[in-house]
Amino acid sequence: MKLLVAGPFGVGKTTLIRTLSEIATLHTEEAMTETGRPVDDLAGLPEKATTTVAVDFGRLTLPGNLVLYMFGTPGQRRFFPLWQDIARGALGALVLADTRRLADSFEIMDMVEEQGLPYAVAVNCFPDAPGHSVEVLRAHLDLHPATPLLLCDARERGASLDALIALAEHVLDGLPAEAAPAPAASVPPAPAPAASAAEERP
């Protein structure tokens with residue numbers, strides 16, 4: 001199952017994929033420069049030193065042999081044509097949000113919806129970010145009642161895994177039965193070898 005990890009600039013997409021991937025992750029990060037400051041707003045991101053310019057990639061296998069391929073997308077609007085290419089073939093998206101810049105997530109959700117992808121929202125809880133209840137966040141983000149919304153710390157595996165599993169379940173619930181990945185079949189035990197003629201002789 002190909003899934004996108006999307007969200008605005010500096011929201012923690014690369015960190016989440018690093019946290020969850022069972023393989024060495026692929027990243028296309030470049031150093032932030034003074035030239036880019038007028039383009040990439042670093043308000044609230046004083047320690048941000050690099051940014052994804054193409055794609056992050058990781059893989060995670062869930063029980064039942066369901067393999068999730070995670071593609072992290074750039075968060076800046078100027079990378080939208082690349083974003084569309086990465087989204088091709090994806091079955092859903094995990095949209096990360098930051099309560100310090102919650103409005104920045106609206107454009108990302110619009111982009112995901114334009115691609116016709118089901119999605120879940122994971123609010124990455126930064127240490128200095130204001131905290132809100134799930135109910136308040138859901139209302140502020142104007143989410144459909146069926147859209148999963150979770151709180152997580154992208155550095156913490158358990159909560160990040162819960163968010164990704166919630167997305168996978170949401171995607172599978174929306175697939176036609178014939179299109180959903182089948183659970184791994186149990187392999188029956190091999191039949192016992194036939195007895196030789198000598199063993200059958202009284």
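- At a threshold of 4.5 Å between side-chain heavy atoms, the hydrophobic network of Ile, Leu, Val, Met, Phe, Trp and Tyr places L150 and V134 in two separate groups.
- Considering every non-hydrogen atom in both P148 and R138, the closest pair reads C-NH2, 4.1 Å.
- Proximity of V67 to M1: side-chain heavy atoms (C-beta onward) are nowhere separated by under 4.5 Å.
- Checking L4, I17, L3 one by one against F71, the side-chain contact (heavy atoms from CB on, under 4.5 Å) holds for a single residue, L4.
- Residues M111 and T73 are not in side-chain contact: their nearest non-hydrogen atoms beyond the backbone lie 4.5 Å or more apart.
- Surrounding CZ of R157 are more than 12 heavy atoms belonging to other residues, nucleotides or ligands, all under 6.0 Å away.
- By the criterion of side-chain heavy atoms lying less than 4.5 angstrom apart, applied directly or through intervening Ile, Leu, Val, Met, Phe, Trp or Tyr residues, L20 is grouped together with L62 in one hydrophobic cluster.
- Between L16 and the choices N124, V11, L161, L94, the side-chain contact (heavy atoms from CB on, under 4.5 Å) rule is met once, by L94.
- The heavy-atom pair separating L117 from G92 by the smallest distance is CD2-N, 4.2 Å.
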Could you give me the CA-CA distance, side-chain angles and deciding distance for L102 and L137, then say whether side chain to side chain contact (heavy atoms under 4.5 Å, CB included) is met?
CA-CA 9 Å; L102 207 55; L137 290 169; 3.9 Å; yes

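- In the model, T61 has a side-chain atom that pairs as donor or acceptor with a side-chain atom of E22 under 3.5 Å.
- F126 and V136 fall into different hydrophobic clusters, where Ile, Leu, Val, Met, Phe, Trp and Tyr side chains are chained together by heavy-atom contacts under 4.5 Å.
- Shown here for H140 and F106, the closest heavy-atom pair between the two residues is O-CZ, 3.7 Å.
- Rounded to the nearest 0.5 Å, atoms OH (Y119) and NE2 (H170) are 8.5 Å apart.
- D56 has no carboxylate O lying under 4.0 Å from a charged side-chain N of R18, or vice versa, which leaves the two without a salt bridge.
- Scanning all heavy atoms of the two residues, the minimum distance from D104 to I108 falls at O-CG1, 4.0 Å.
- Expressed to the nearest 0.5 Å, how far CG of L175 lies from CG of L91 amounts to 6.0 Å.
- Side-chain N or O atoms of S21 include one that pairs as donor or acceptor with a backbone N or O of R59 at under 3.5 Å.
- One N or O on the side chain of T19 and one on the backbone of A154 form a donor-acceptor pair closer than 3.5 Å.
- Between atom CG of residue L172 and atom CG of residue L167 there is a gap of 9.0 Å, rounded to the nearest 0.5 Å.
- Scanning both residues, V5 and K13, for their nearest heavy atoms gives O-CD, 3.5 Å.
- Residues D98 and V123 are not in side-chain contact: their nearest non-hydrogen atoms beyond the backbone lie 4.5 Å or more apart.
- Here the straight-line distance linking atom CG of L151 with atom CG of D162 works out to 11.0 Å at 0.5 Å rounding.
- The nearest pair of heavy atoms linking K2 to R88 is NZ-O, 2.7 Å.
- Note that OG1 of T15 is 9.5 Å distant from CG of L96, once rounded to the nearest 0.5 Å.
- Between P8 and S105, the closest side-chain pair of non-hydrogen atoms falls below 4.5 Å.
- Between the CD1 atom of I23 and the CE atom of M70 there is a distance of 8.0 Å, given to the nearest 0.5 Å.
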